[in-house]
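Here's the structure, in structure tokens; my notes come after.
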Amino acid sequence: MMTQKTDFTMYQGDSKVLSVTVADEDGVAVPVDGMTIRWQASPVITGGFETTATLMKDNGALGGITTVTEEGVFEVELEPEDTESLAGLYYHEAELTDGAGNVSTVLTGRMTIKPVLIRAGG
């Protein structure tokens with residue numbers, strides 16, 4: 001599967017939906033129905049990034065990922081409480097695991113979270 005690179009900027013405590021289209025090497029959409037999907041983000045540090053994720057989503061028990069199976073698309077939903085205490089540069093990635101146990105990284109990138117003056121509930 002092809003790996004999509006997506007860098008984005010958002011503000012602390014905002015809502016954001018990342019839409020990811022999964023495609024094979026020929027650019028043909030790959031349905032994600034029945035696959036395990038995980039997305040994680042970790043702070044960027046000098047020389048790389050922390051290996052312990054700060055923010056995690058999946059299409060299972062953690063939640064936060066929904067699929068649009070007929071189009072090979074899944075969405076990662078970031079809620080205000082996910083980022084209200086974060087700021088700075090983060091590395092993020094998503095991977096799929098199919099029924100045979102094959103793992104593919106389908107999304108990588110940098111996420112910049114900017115501080116805000118107005119806080120939720122305040």
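Each residue takes its place number in the sequence, starting with 1.
Residues Trp39 and Leu18 share a closest heavy-atom pair of NE1-CD1, 3.8 Å. Considering every non-hydrogen atom in both Pro115 and Tyr11, the closest pair reads O-CD2, 3.9 Å. Of all heavy-atom pairs between Pro43 and Thr54, the closest is CD-OG1, 3.0 Å. Minimum interatomic distance between Ser42 and Ala53 (heavy atoms only, all atoms of both residues): CB-CA, 4.3 Å. When all heavy atoms of Val73 and Ser19 are compared, the pair lying nearest together is CG1-OG, 3.5 Å.
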Stepwise, does the side-chain contact (heavy atoms from CB on, under 4.5 Å) test hold for Thr112 with Tyr90? CA-CA 6 Å; Thr112 302; Tyr90 290 77; over 6 Å; no

Please step through side-chain contact (heavy atoms from CB on, under 4.5 Å) for the pair Arg110 and Leu89, ending with a clear verdict. CA-CA 7 Å; Arg110 303 253 173 156; Leu89 184 59; 3.4 Å; yes

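Counting only distance, with no hydrogens or angles, the side chain of Thr3 and the backbone of Thr105 share a donor-acceptor pair below 3.5 Å. Remark: the backbone N or O of Asp7 is not paired with any side-chain donor or acceptor of His92 at under 3.5 angstrom. With Gln12 contributing its side chain and Ile113 its backbone, the two residues share no donor-acceptor pair below 3.5 Å. The closest donor-acceptor contact from the side chain of Thr83 to the backbone of Gly13 lies under 3.5 Å.
The list of ring pair (Phe, Tyr, Trp, His ring centres under 6.0 Å) pairs with a residue in residues 96-116, not counting sequence neighbours, is empty.
Going from atom OG1 of Thr52 over to atom CD of Gln40 covers 9.5 Å, rounded to the nearest 0.5 Å. To the nearest 0.5 Å, atoms CG (Asp14) and CD (Glu84) are separated by 11.0 Å.
By the 4.5 Å heavy-atom criterion applied to side chains, Lys114 and Thr9 are counted as neighbours. A heavy-atom distance below 4.5 Å is found between the side chains of Val22 and Met1. Side-chain contact check for Leu107 versus Gln4: some heavy-atom pair is nearer than 4.5 Å. Contact of the Met10 side chain with the Leu78 side chain is registered, since non-hydrogen atoms from C-beta on lie closer than 4.5 Å.
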Residues 56-64, side-chain donor-acceptor partners within the protein, below 3.5 Å, at least two apart:
residue: Lys57; atom: NZ; partner: Glu77; partner atom: O; Å: 3.3
residue: Lys57; atom: NZ; partner: Asp82; partner atom: OD1; Å: 3.4
residue: Lys57; atom: NZ; partner: Asp82; partner atom: OD2; Å: 2.6
residue: Asp58; atom: OD1; partner: Gly60; partner atom: N; Å: 2.8
residue: Asp58; atom: OD1; partner: Leu62; partner atom: N; Å: 3.0
residue: Asp58; atom: OD1; partner: Gly63; partner atom: N; Å: 3.1
residue: Asn59; atom: OD1; partner: Ile37; partner atom: N; Å: 2.9
residue: Asn59; atom: ND2; partner: Met35; partner atom: O; Å: 2.8

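Shown here are the side-chain hydrogen bond (donor to acceptor under 3.5 Å, both in side chains) partners of Glu79, two or more places apart in sequence or in another chain: there are none.
Clustering ILVMFWY residues whenever any of their side-chain heavy atoms sit less than 4.5 angstrom apart, transitively, puts Phe8 in the very cluster that holds Leu55.
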